[in-house]
Amino acid sequence: MKLLLFLLTLITGLDTSLDKLSTLRLGTVRGVRSLPRVPRWKRERRTEHSSRSERKRRDSFGMFDGYDSCSEDTSSSSSSEESEEEVAPLPSNLPIIKNNGQVYTYPDGKSGMATCEMCGMVGVRDAFYSKTKRFCSVSCSRSYSSNSKKASILARLQGKPPTKKAKVLQKQPLVAKLAAYAQYQATLQNQAKTKAVSMEGFSWGNYINSNSFIAAPVTCFKHAPMGTCWGDISENVRVEVPNTDCSLPTKVFWIAGIVKLAGYNALLRYEGFESDSALDFWCNICGSDIHPVGWCAASGKPLVPPRTIQHKYTNWKAFLVKRLTGAKTLPPDFSQKVSESMQYPFKPCMRVEVVDKRHLCRTRVAVVESVIGGRLRLVYEESEDRTDDFWCHMHSPLIHHIGWSRSIGHRFKRSDITKKQDGHFDTPPHLFAKVKEVDQSGEWFKEGMKLEAIDPLNLSTICVATIRKVLADGFLMIGIDGSEAADGSDWFCYHATSPSIFPVGFCEINMIELTPPRGYTKLPFKWFDYLRETGSIAAPVKLFNKDVPNHGFRVGMKLEAVDLMEPRLICVATVTRIIHRLLRIHFDGWEEEYDQWVDCESPDLYPVGWCQLTGYQLQPPASQSSRENQSASSKQKKKAKSQQYKGHKKMTTLQLKEELLDGEDYNFLQGASDQESNGSANFYIKQEP
């Protein structure tokens, strides 16, 4: 949203006197006094002006209220507030405290600072009480004078507990503060080491930067958090983030701009660094520490410039007003939307019907064990040790409400459990993904019709397939020619509108390698010959789903994708081909034989950073050394994994050389030649001249 009006209104409050600014936070070290004492005659003279300033500030959103105490105000009225005069740099190892035009440093206690000998409070020396500047207040001075146990006070200031007879104010001593500060620094260092260790495995930011990759935008994933309300989040959007380039013991913030977006991850650069990328950092834009501009002022959090550039300007407020005029920031309710988009209706103990991973032709009852980012870990109801599980997204076409199989005529494995276990309950039907309604009264799919389909047992191939059974509500049982089990246990249920089934000729027209039936020797495979030899007809083209949404994917985009042969795994992946709405997903670091054909709206694809956002484990790309050392074992593992998931063992796919059949026109048998007058079927079959 535009900040122009916001900032113009803010400027009206920039001439606020220092009397009113004295209520603002220092935002660095608790207890430091922000302003020296003002004589009574000056206070009376400023009363009227202060009241006017208060009214002006009431009209302001107070965006920089948390910053004022760290910015330099050279006078109460402010002709100098619009200046951006550079000042000499100060030692980088000392954080700056600016007060009433004077520059102080902390925590060495020497340059313009003082320590109260009574309570141990650290503050600006000029603001301390008495000529000697030994006490922070009158009460501390009187308490010190009336206390005869000065040795106890000194001992306490050294970190030792006072004696029982000492009657002193129990305030935090300087030594304790410095000890806490040292502990804070040590904690930061330990956190940095921990992050470094975890990042050694894989970091999306480093991976994208080092290879100049582009990630698929969040708007490509409608099922993912914020997928439908991402809005105009793009480069140059400003946010308020924690300032890590700061040696202060408290958490402070600063404004940063988005340099590059990669899914949920954003490369940020602090305001004031211009083209300097030395301190650029990656973070998840949906994280809890990312806020729209103005959040600090509304929440009472301090804005403090990074230590590396704090010497560049004498008036940071004027600099920010200039930089942020006309800029965009996150919507005010962004964090609320993120939270709402990560609320999932599926809960543990819900019962569903899900495909049987050992017999694809039937479903079984399973119970939701856990929900992570909308992904469900389902445990088959008869699993006694709860290890027989299956992972899928809550919008997956593989799960259904209890009673679905019976309603459409699908095979179903009855459970040996006669009654529901305590706490288990059926999932409401309205929570499942809805399929498009179809009219089966007219021309419709029939048993024996031929088509092309993604092999559910080998998702890298599109195979010659046959409709084996027509179910209710538009569902079809599909078998892969040449490799079907005798009992039909590897038939797979596809809906008529499924983007995973295609009319005859789809692969040829789109130059995709079609896998012929196993054992078929007349190569290259020709549909016309095969249909004549088998006495079959092709399913009419007009019955297939030809809708192609404007999905936004491009070849080369990075994303996180489920390995559907081992659906508990989510891996670093790349889009390598796009055929209308069909995407070919390659798992980085693995051979092409592990690729998968996936629909652009598949709930098994996620933006970069999804695993980090939801707490799911991301599988990094396989390294070259690990591929060489474990090539044979990985293939065996892949086969074993596929057998467990699919039930029926598949033979190795025949490798056919891709080539376009030039100048070869032919007619399909009845059913395949059903052309639509508007030519919308041109993508699917070769037309007769």
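Along the sequence shown, the residues carry numbers beginning at 1. Please read these numbers as outputs of a predicted model, since none were measured by experiment.
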Trainee: Apply side chain to side chain contact (heavy atoms under 4.5 Å, CB included) to the pair Glu601 and Lys222, showing each step before the final yes or no.
Mentor: CA-CA 8 Å; Glu601 295 181 344; Lys222 304 303 181 185; 5.8 Å; no

Trainee: What pairs with Lys260 under salt bridge (Lys or Arg N to Asp or Glu O under 4.0 Å), at least two apart in sequence or on another chain?
Mentor: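 With neighbours one apart ignored, the set is empty.
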
Trainee: Please identify each residue that fulfils salt bridge (Lys or Arg N to Asp or Glu O under 4.0 Å) with Glu369, with sequence neighbours left out.
Mentor: Arg386

Trainee: Would you call Pro217 and Met557 a side-chain contact if the rule is heavy atoms closer than 4.5 Å?
Mentor: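 Yes, their side chains come closer than 4.5 Å.
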
Trainee: Hey, can you pull the donor-acceptor pairs under 3.5 Å for the side chains in residues 229-236, sequence neighbours left out?
Mentor:
{"residue": "Ser234", "atom": "OG", "partner": "Asp232", "partner atom": "O", "Å": "3.3"}

Trainee: Ala561 and Ala573: which non-hydrogen atoms are nearest, and at how many Å?
Mentor: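 The answer is CB-CB, 3.8 Å.
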
Trainee: Could you state the interatomic distance from OG (Ser370) to CZ (Arg375), rounded to the nearest 0.5 Å?
Mentor: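 Between atom OG of Ser370 and atom CZ of Arg375 there are 10.0 Å.
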
Trainee: To the closest 0.5 Å, what do you measure between SG (Cys296) and CD (Glu240)?
Mentor: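 Here the interatomic distance stands at 4.0 Å.
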
Trainee: Looking only at side chains, do Thr244 and Tyr270 share a donor and an acceptor under 3.5 Å apart?
Mentor: yes

Trainee: Assess whether ring pair (Phe, Tyr, Trp, His ring centres under 6.0 Å) is satisfied between Phe221 and Trp610, documenting all intermediate values.
Mentor: CA-CA 11 Å; Phe221 309 88; Trp610 181 88; over 10 Å; no

Trainee: Anything under 30° is parallel, anything over 60° is perpendicular, the rest tilted; go ahead and classify Trp316 against Phe319.
Mentor: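 Rings of Trp316 and Phe319: perpendicular, over 60°.
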
Trainee: Measure the CZ-OG distance between Phe334 and Ser339 for me, rounded to the nearest 0.5 Å.
Mentor: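 Taking CZ in Phe334 and OG in Ser339, the distance rounds to 12.0 Å.
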
Trainee: Measure the shortest side-chain to side-chain distance between Pro305 and Trp254 over non-hydrogen atoms and say whether it is less than 4.5 angstrom.
Mentor: yes

Trainee: Calculate, to the nearest 0.5 Å, the distance between atoms CG and CZ belonging to Asp588 and Phe213 respectively.
Mentor: 6.5 Å

Trainee: Hydrogens and angles aside, do Lys558 and Thr574 bring a side-chain donor and acceptor to less than 3.5 Å of each other?
Mentor: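 Yes.
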
Trainee: Val572 and Leu618: side chain to side chain contact (heavy atoms under 4.5 Å, CB included), yes or no, with the steps?
Mentor: CA-CA 7 Å; Val572 174; Leu618 177 66; 4.0 Å; yes

Trainee: One pair to check against side chain to side chain contact (heavy atoms under 4.5 Å, CB included): Tyr616 and Thr614. What are the steps and the verdict?
Mentor: CA-CA 6 Å; Tyr616 205 95; Thr614 60; 3.7 Å; yes

Trainee: I'd like to know if the side chain of His223 and the backbone of Leu605 have a donor-acceptor N/O pair within less than 3.5 Å.
Mentor: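 Pair found, side chain donor or acceptor close to backbone of Leu605.
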
Trainee: Among all residues two or more places apart in sequence or in another chain, which pass the side-chain contact (heavy atoms from CB on, under 4.5 Å) test with Cys571?
Mentor: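 Listed in chain order: Asp563, Leu569, Phe587, Gln619.
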
Trainee: For Tyr264 and Leu261, indicate whether the former's side chain and the latter's backbone hold a donor-acceptor pair under 3.5 Å.
Mentor: no

Trainee: Does some side-chain heavy atom of Asn265 sit less than 4.5 Å from a side-chain heavy atom of Gln612?
Mentor: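 Yes - at least one pair of side-chain heavy atoms lies under 4.5 Å apart.
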
Trainee: Answer whether the closest heavy-atom distance between the side chains of His393 and Leu376 falls below 4.5 Å.
Mentor: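 The answer is no, as the side chains (C-beta and beyond) never meet within the 4.5 Å cut-off.
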
Trainee: Partners of Glu340 by side-chain contact (heavy atoms from CB on, under 4.5 Å), sequence neighbours excluded?
Mentor: Gln336

Trainee: Could you state the interatomic distance from CZ (Arg307) to OG (Ser247), rounded to the nearest 0.5 Å?
Mentor: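 One gets 4.5 Å once the value is rounded to the nearest 0.5 Å.
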
Trainee: Less than 4.5 Å apart, any side-chain heavy atom of Leu320 and any of Ile255?
Mentor: yes

Trainee: Please confirm whether the backbone N or O of Val252 pairs with a side-chain atom of Asn243, one donor and one acceptor, at under 3.5 Å?
Mentor: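 No, Asn243 side chain to Val252 backbone: no donor-acceptor pair under 3.5 Å.
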
Trainee: Would a 4.5 Å heavy-atom cut-off, applied to side chains only, mark Val338 and Met226 as touching?
Mentor: yes

Trainee: What orientation do Phe553 and His551 show, parallel under 30°, tilted 30 to 60°, or perpendicular over 60°?
Mentor: tilted

Trainee: Hey, what do you get for CE (Met350) to CE (Met394), rounding to the nearest 0.5 Å?
Mentor: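 Answer rounded to 0.5 Å: 11.0 Å.
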
Trainee: Does Ile258 form a side chain to side chain contact (heavy atoms under 4.5 Å, CB included) with Leu267? I'd like the steps, not just the answer.
Mentor: CA-CA 6 Å; Ile258 298 177; Leu267 181 64; over 6 Å; no

Trainee: Would you name the heavy atoms of Ala215 and Ile208 that are closest together and state the gap between them?
Mentor: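 Shortest heavy-atom separation between Ala215 and Ile208 comes out as CB-CD1, 4.4 Å.
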
Trainee: If only side-chain N and O atoms count, and only distance matters, is there a donor-acceptor pair under 3.5 Å linking Trp204 with Glu560?
Mentor: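 Trp204 and Glu560 do have a side-chain donor-acceptor pair below 3.5 Å.
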
Trainee: Would you check if Phe346 and Leu431 make a side-chain contact, meaning some heavy-atom pair closer than 4.5 Å?
Mentor: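 Answer yes - side chains close enough.
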
Trainee: Would you give me the side-chain donor-acceptor pairs under 3.5 Å for residues 273-292, sequence neighbours excluded?
Mentor:
{"residue": "Asp276", "atom": "OD1", "partner": "Ala278", "partner atom": "N", "Å": "3.0"}
{"residue": "Asp280", "atom": "OD1", "partner": "Arg269", "partner atom": "NE", "Å": "2.9"}
{"residue": "Asp280", "atom": "OD2", "partner": "Arg269", "partner atom": "NE", "Å": "3.1"}
{"residue": "Asp280", "atom": "OD2", "partner": "Arg269", "partner atom": "NH2", "Å": "2.7"}
{"residue": "Asn284", "atom": "OD1", "partner": "Cys286", "partner atom": "N", "Å": "3.0"}
{"residue": "Asn284", "atom": "ND2", "partner": "Gly609", "partner atom": "O", "Å": "3.2"}
{"residue": "Asp289", "atom": "OD1", "partner": "Lys251", "partner atom": "NZ", "Å": "2.9"}
{"residue": "Asp289", "atom": "OD2", "partner": "Lys251", "partner atom": "NZ", "Å": "3.3"}
{"residue": "His291", "atom": "NE2", "partner": "Ser288", "partner atom": "O", "Å": "3.3"}

